[in-house]
Amino acid sequence: MLLPFFQGFGVSGGLIVAIGAQNAYVLSQSMRRNHHLAVAGICILCEILLIGTGVAGVGTAVSANPVLLRMATWGGAAFLLWYGFGSLRSAFRGGSLATGAHQDKTLKAAIAGALAVTLLNPHAYLDTVVLLGGISGGYEGPGRYAFGAGAFTASLVWFLSLTLFGRVLAPIFKRPQAWRILDTFVGFTMWAIAATLIMD
C-alpha cells in the first residue's frame, strides 16, 4: 500500500508544483492575507473532486479492461517521461513566478478567481481525471485508492504550504534559481516513476 501511495504523491506533486496561474493566484492571495484560507480550501476541494473522479471513474474502467490498462500504463509512462524532459528543459532555461497581478478584495471575488484558475484550465482535467485516474487503474483494489490518497495528499500539502507560508515562500519563488532546482527535482522524479510503471 505504501508504494502506490508514494507513487501517487510523487506524480501529483510533480504535476502541481509547475509554474502556473493557479499557484500564482494562491500565492498572491496568501501574501496579501486576502481570504487565503478560503482560496486554498477551494483549490483543495476541487482537487479532491477531480482526483476522486479520475480514480473512481477512469481508474475503475481502466482496471477492468486489460487493453485499456496496458494503454494507460504505457501512455502514462510516456507522458511522465515527456513531462520530466519538459521540467529539465525548464530548469535549463530558468523561470520565475509572478504574483503581482491578482488583487481580489471580496470573498466572492477571491473564490471566483480560485474556481476560474482551477476549473477553466484544461490541464487540470488532463492531469487529474485522465492521467492520475488512468495510472491508478494499474493497481488492484485498495492499491488504486492508496494511489489516489497519495495524489490528494500531495495537493493538500502543496496548497497548505503556499497558503500558510506564502510571505516566506514568495521571495524564494521569484528567483529563477529556486525554480531551476525544483524543476530538476521534478524532472528526475517523473522519470523515476515512469521507470517503475514500465518495470511493473
Side-chain angles (χ1 to χ4, degrees), residues 1-20 22-23 26 40-88 90-91 118-119 121-164 181-200:
M1 295 293 287
L2 287 178
L3 178 59
F5 177 88
F6 285 114
Q7 284 189 325
F9 188 96
V11 174
S12 179
L15 294 172
I16 204 169
V17 302
I19 298 175
Q22 186 185 47
N23 286 335
V26 174
I42 291 295
C43 292
I44 291 170
L45 179 60
C46 289
E47 289 289 313
I48 293 175
L49 295 175
L50 292 174
I51 293 173
T53 298
V55 172
V58 177
T60 300
V62 166
S63 65
N65 188 312
V67 176
L68 285 178
L69 177 59
R70 186 172 294 274
M71 290 175 59
T73 300
W74 285 101
F79 178 85
L80 294 176
L81 289 171
W82 174 81
Y83 192 94
F85 172 76
S87 293
L88 294 174
S90 177
T118 302
L119 299 179
N121 179 9
H123 287 288
Y125 301 95
L126 174 64
D127 293 348
T128 55
V129 178
V130 178
L131 180 63
L132 293 176
I135 293 176
S136 72
Y139 298 97
E140 296 182 359
R144 185 164 75 250
Y145 298 104
F147 181 93
F152 162 68
T153 301
S155 298
L156 178 67
V157 169
W158 177 251
F159 285 123
L160 287 179
S161 297
L162 285 183
T163 301
L164 299 177
I181 295 172
L182 184 60
D183 282 333
T184 300
F185 175 76
V186 167
F188 284 117
T189 298
M190 291 302 192
W191 281 1
I193 295 173
T196 61
L197 288 177
I198 293 171
M199 288 187 292
D200 288 343

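None of the values given here were measured: they were computed from a predicted structure.
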Engineer: Report the residues that fulfil ring-ring contact (aromatic ring centres under 6.0 Å, His included) with Phe85, sequence neighbours left out, ordered by chain and then residue number.
Structural biologist: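 Residues passing ring-ring contact (aromatic ring centres under 6.0 Å, His included) with Phe85: none at all.
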Engineer: To the nearest 0.5 angstrom, please state how far the CD1 atom of Ile42 sits from the CD atom of Gln22.
Structural biologist: 11.5 Å
Engineer: Check step by step if side-chain contact (heavy atoms from CB on, under 4.5 Å) holds for Ile44 and Leu160.
Structural biologist: CA-CA 9 Å; Ile44 291 170; Leu160 287 179; 4.2 Å; yes
Engineer: Just jot down the side chain to side chain donor-acceptor pair (under 3.5 Å) partners of Trp158, sequence neighbours excluded, or say none.
Structural biologist: Asn23
Engineer: Quick one: do Val55 and Leu132 satisfy side-chain contact (heavy atoms from CB on, under 4.5 Å)? Show the steps, please.
Structural biologist: CA-CA 7 Å; Val55 172; Leu132 293 176; 5.6 Å; no
Engineer: Is it the case that the side chain of Ser12 and the backbone of Gly8 share a donor-acceptor pair, with hydrogens and angles ignored and the cut-off at 3.5 Å?
Structural biologist: no
Engineer: Taking all heavy atoms of Gly54 and all of Ser136, pick out the closest pair and write down the distance.
Structural biologist: O-OG, 4.5 Å
Engineer: Would you give the length of the straight line joining atom CZ of Phe147 to atom CD1 of Ile51, rounded to the nearest 0.5 angstrom?
Structural biologist: 9.0 Å
Engineer: For a quick test of reading the model, state the closest non-hydrogen atom pair linking Leu88 to Trp191 and the distance between them.
Structural biologist: CD1-CH2, 3.4 Å
Engineer: How many angstroms lie between atom OG1 of Thr118 and atom CG of Leu50, to the nearest 0.5 angstrom?
Structural biologist: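 Rounded to the nearest 0.5 Å, the OG1-CG separation comes out at 8.5 Å.
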Engineer: Search all heavy atoms of Glu47 against all heavy atoms of Ser155 and return the closest pair with its distance.
Structural biologist: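 Where Glu47 meets Ser155 most closely, the heavy atoms are OE1-OG, 3.0 Å.
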Engineer: Just wondering, are more than 12 heavy atoms of other shown residues or ligands nearer than 6.0 Å to CZ in Phe5?
Structural biologist: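 Enclosed: over 12 neighbouring heavy atoms sit under 6.0 Å from CZ of Phe5.
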Engineer: Going from SG on Cys43 to CG on Leu119, what distance comes out if it is rounded to the nearest 0.5 angstrom?
Structural biologist: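 It comes to 9.0 Å.
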Engineer: So which atom in Ala149 and which in Thr153 form the shortest heavy-atom distance, rounded to 0.1 Å?
Structural biologist: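 Scanning both residues, the minimum pair turns out to be O-OG1, 2.7 Å.
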